[in-house]
Structures are given as structure tokens and as C-alpha cells.
Amino acid sequence: MNTGHSSLAVGIISMVFALMLAIVPLPQILTGMRPDWVMLALVFWCLAMPSRFGLVWAFGLGLLLDTLSGALLGQHALALLLVTYLTLKFRLRLRVFPLAQLMIAVLVLLVIYQFTLFWIDGVAARSVPIRERWLPVITGTLAWPLVYWLGQRALRETDQQPARL
Amino acid sequence: MTRHRQSAGPTRGLALGPKFFLLGLVAVTLMVIDHRQQHLATIRDTLSVVLFPVQALVNLPFAAWHWGRDVTAARLALLEEVRELREARLDVSVQLQRLASLEAENARLRAMMGSSRQAADRVLVAEILAVDLDPYRHRFTVNKGNRHEVHVGQALLDADGVLGQIVRVQPFTAEAILISDADHALPVIVNRNGLRTIAMGTGDTDRLSLPFLPNSADIEEGDLLVSSGLGGAFPSGYPVARVTRVERRPGAAFAEVSAEPAAALQRAREVLLVWSSRDPSEGDDTTPADGDDTALADAAAQEQP
């Protein structure tokens with residue numbers, strides 16, 4: 001039970017960290033390329049500990065992201081819900097993927113995530129440049145190995161059965 | 001795989017599908033309500049209070065760096081800076097002497113004309129938190145909020161000119177929109193001849209566009225644009241931008257005019273919040289561009305009480 005608690009704590013800490021990364025100021029050139037850290041972290045934890053992290057987390061984190069970014073309340077929540085749902089739904093299949101294949105899956109999830117955000121922006125008649133919209137998809141995919149590695153390490157630190165994703 | 005409870009998947013409570021559907025429905029409802037009207041301010045306020053530590057934490061290293069730089073600055077550099085500031089102050093105070101008499105004269109003339117406009121504005125210095133918001137929109141957060149009587153629609157200035165306005169107020173922080181945001185528009189006049197027009201943001205921090213000037217308009221490169229005060233949100237007479245390019249196109253209805261913002265939109269760290277002495281409910285329909293419904297609705301909600 002203890003290990004369960006500490007792994008939950010690690011999960012929460014990583015989420016706070018992801019939220020911080022989501023608002024850390026970047027140089028002007030890089031602002032469009034910020035990976036969606038919160039989404040990546042959530043996908044990782046959903047794969048590693050699906051009994052603890054799931055849709056409710058996606059919803060809550062989404063609302064926090066909405067508040068942080070000044071978006072419509074519910075915009076990121078819906079996008080994260082969608083991604084989490086797909087992750088959980090195909091979890092057993094994703095678990096056996098090697099890293100390279102997992103990266104492709106993450107790429108698809110990121111496309112869905114960004115498209116949902118983009119689509120809601122469109123429906124709400126907010127003007128957004130389209131060109132830079134797809135940069136986070138690429139950087140996010142490239143950031144996945146890092147998230148994966150950090151997550152695995154965190155799990156090992158807490159004496160958790162290293163999740164073989 | 002040894003832990004069965006873990007690999008059993010998310011089975012607490014509802015099944016995955018219905019749970020997703022339910023939460024998705026809640027999210028969509030929230031979005032609709034948030035988009036149509038402003039009943040969700042309390043939720044946002046609560047969440048923002050929860051998030052304030054996160055923002056403060058992110059801001060901390062930057063604040064520490066600035067502080068450290070101030071503390072460790074060499075004595076000579078400080079002396080030099082003090083000397084420069086003294087000179088600058090002398091310069092400014094000389095100009096101020098003239099301004100005082102001009103202001104008095106202006107007030108007298110206006111009183112004679114029966115005009116109600118006053119010139120004095122109250123200001124408060126706020127600091128921009130070093131946090132990035134949506135990269136596609138030019139927004140930022142300042143460290144003053146409800147508790148400092150900040151209100152929606154309030155103008156923000158820096159030492160060189162108009163920076164933006166407040167669009168959302170939370171207990172400890174407030175969110176502001178830059179004049180360069182693609183959804184922002186600002187009524188201005190050309191300082192040289194009083195020509196009225198509107199400066200729209202372009203989504204590019206060093207360019208504003210003035211799309212509503214006919215080819216025959218009397219505007220030249222280098223003209224200073226100042227806020228006109230029409231619309232009521234921005235105090236009048238503060239520099240906004242300098243015209244950088246005028247292209248008259250014989251075939252088109254309007255000239256293509258762009259201007260460079262006077263304020264340091266990228267670099268400002270401290271900003272001035274301005275309370276216009278003018279009653280904000282007098283005239284208000286032009287402030288944020290029609291694109292930004294939330295800002296408009298915010299402003300409307302603000303004026304109800």
C-alpha cells in the first residue's frame with residue numbers, strides 16, 4: 001500500500017512539474033514549439049498506472065490548463081479526455097509496443113489533441129495562426145522518449161514494479 | 001504484471017465509455033456557458049488561486065535572477081546608473097514644469113468650454129509574471145488582481161506607451177491582452193492632425209495595422225499615433241505607435257498602413273495600471289475588437305453593478 005501511495009505522489013509531483021513546464025517562459029522563437037508536457041505526462045501515467053490515473057485526472061488537469069492559458073473553460077479538458085480515453089482504450093495494445101512504435105502512437109494522440117484544441121478555437125471564433133499549430137505535435141513526439149525515461153526512473157525509485165509498457 | 005489490481009485497468013466507478021461520455025458532456029457544457037456568458041468566474045477564480053503557487057514557482061527563478069543581479073551589481077555600475085537617472089529626472093522635471101502650466105491652462109480652457117474631461121489619471125505599478133500563456137495569442141499575467149481594485153478593460157502602459165488592457169481579473173493576478181494581439185483593436189488619433197482611426201493588432205509584436213484609412217488620408221511615415229480615449233477604456237493622449245509604412249494602392253478602397261508599437265511589448269517587466277478619471281460606463285462599445293467576445297462580455301458584466 002505504501003508503495004502505491006508513493007507512486008501516486010510521484011505522479012502528482014510530475015503533473016505539477018508538467019504544469020510548470022507548460023508556462024515557463026521560452027524565447028520568442030521557441031514559444032510555438034513547446035511540447036504539450038501535461039498531455040505527455042498524463043498519457044504516460046495512464047499507461048503505467050491506469051488504476052490511479054484516468055479520465056477524472058484528465059478532466060481536472062484540463063481545467064487547470066484552461067485557467068492557466070486563459071482558454072475557454074473546458075477546452076483542454078475535452079482534448080485531454082479524448083486522448084486519455086483512447087490511451088486507456090488501447091492500453092493493452094500500446095503496452096507491447098516498442099518505443100519507436102509507441103512514438104508513432106503518441107504522434108497520433110498529439111494530432112488528435114491539437115486538432116481538438118484547434119477545432120474548438122475555430123468554433124468559438126478565436127483567431128489563431130494555423131501554420132505553427134503543428135509544431136508541438138513534432139516536438140511532443142520527440143519529447144516522448146524523455147518523458148518515458150523519466151517516468152520509468154520515477155517508478156523504479158518508488159520501488160514500484162517497473163511498468164513494462 | 002504481477003499486480004493484478006493494477007493491470008486490471010480503470011474499473012472504479014463507471015465503465016470507461018460512459019464515464020468519458022459524461023465528463024465530455026460536462027466539458028462541452030462548461031465551454032458553451034463560458035463562451036456565451038460569464039457565469040463561471042467563480043470556478044476560474046478558485047482554480048486560479050489553486051494555480052497561483054505554480055505560477056509563483058515558475059516566476060521565482062526569474063525574480064531571483066533579477067534580484068541577484070541588483071544585489072551583486074558593481075558599485076561603479078550603480079553610481080553610473082544613478083548619474084544617468086539623475087540626468088533623466090532633471091530632463092523630465094524640466095518638461096514637467098511646462099506640463100503643469102499647460103495642464104492648468106488646458107483645464108481652464110476646458111472649463112470655459114464646459115467640457116467634462118479631466119486629465120488626471122491614477123496609476124499603480126504592477127509586475128508581469130514570467131509565465132507564458134497561449135503561444136498563439138498575446139496575453140500575459142500581472143501580479144495585481146481583484147484585491148488591488150484592478151478591473152476588466154483597464155489600460156496598461158509602460159514608460160513608452162500603451163501596452164494593452166486587462167481582460168480577466170482573478171484574486172491575486174490579472175490577465176491582460178497586448179495591443180498586438182490579433183483580436184485587439186484600439187481607437188487612436190494621429191498626433192499631427194487629429195485624424196481618427198483604429199489600430200488593430202496583427203499577431204506580430206512589432207506591427208500594428210491601420211486598415212480603415214482611405215488612400216487620400218493625410219498620414220505619413222513617422223507619424224505618432226496616440227490613444228484617442230474614444231471607447232472609454234484607454235485614457236487619451238498616450239503614445240501608441242509610430243507609423244512605419246504607408247502604401248497607397250490606387251486600385252483598393254483603403255491604404256495599407258502599418259505602425260510599430262511605442263511600448264516595449266516584448267521587453268516590459270513592470271507595467272502601469274491606469275485608472276481613468278473618466279467614468280468607465282460612459283461610452284464603451286469600441287474597446288476590444290469585435291473578435292474577442294469574452295473581453296466584450298467581461299466588460300459588459302463589469303458594468304452591470
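In what follows, every chain begins at residue 1, and chains take the letters A, B, ... in the order their sequences are listed.
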Contacts of B:Arg245 that satisfy side chain to side chain donor-acceptor pair (under 3.5 Å) - sequence neighbours left out: B:Glu247, B:Glu256
State the [atom1]-[atom2] distance between [X] and [Y], to the nearest 0.5 angstrom.
| X | Y | atom1 | atom2 | value |
| --- | --- | --- | --- | --- |
| B:Asn59 | A:Met20 | CG | CE | 10.5 Å |
| B:Ile33 | A:Leu72 | CD1 | CG | 12.0 Å |
| A:Ile120 | B:His35 | CD1 | NE2 | 11.5 Å |
| B:Phe20 | A:Leu86 | CZ | CG | 7.0 Å |
| B:Leu129 | A:Ile23 | CG | CD1 | 8.5 Å |

Counting heavy-atom pairs under 4.5 Å to chain A, which of B:Gly17, B:Pro53, B:Gly203, B:Ala27 comes out on top? B:Ala27
Do the non-hydrogen side-chain atoms of B:Leu30 and A:Asp66 ever get within less than 4.5 Å of each other? no
[X] and [Y]: which non-hydrogen atoms are nearest, and at how many Å?
| X | Y | answer |
| --- | --- | --- |
| B:Arg44 | A:Leu73 | NH2-N, 3.4 Å |
| A:Lys89 | B:Leu16 | N-CD2, 3.9 Å |
| B:Leu23 | A:Val56 | CD1-N, 4.0 Å |

Sorted by number, residues from residues 75-82 of chain A in contact with chain B (heavy atoms, under 4.5 Å): A:Gln75, A:Ala77, A:Leu78, A:Leu81, A:Leu82
For A:Tyr85, which atoms come within 4.5 Å of any heavy atom of chain B: side chain, backbone, both, or neither? both
Below 4.5 Å, heavy-atom pairs only: which of A:Ala71, A:Gly74, A:Cys46 has the largest tally toward chain B? A:Gly74
Applying the side chain to side chain contact (heavy atoms under 4.5 Å, CB included) test to A:Leu63, which of B:Val50, B:Leu47, B:Val26, B:Thr46 qualifies? B:Leu47
Taking salt bridge (Lys or Arg N to Asp or Glu O under 4.0 Å) as the test, write out the residues that go with B:Glu149, two or more places apart. B:Arg122
Side chains of residues 257-264 of chain B: which donor-acceptor pairs under 3.5 Å do they make with residues two or more places apart or in other chains?
none

Over 12 non-hydrogen atoms of neighbours within 6.0 angstrom of [atom1] in [X]:
| X | atom1 | answer |
| --- | --- | --- |
| A:Arg93 | CZ | no |
| B:Phe21 | CZ | no |
| B:Phe62 | CZ | yes |

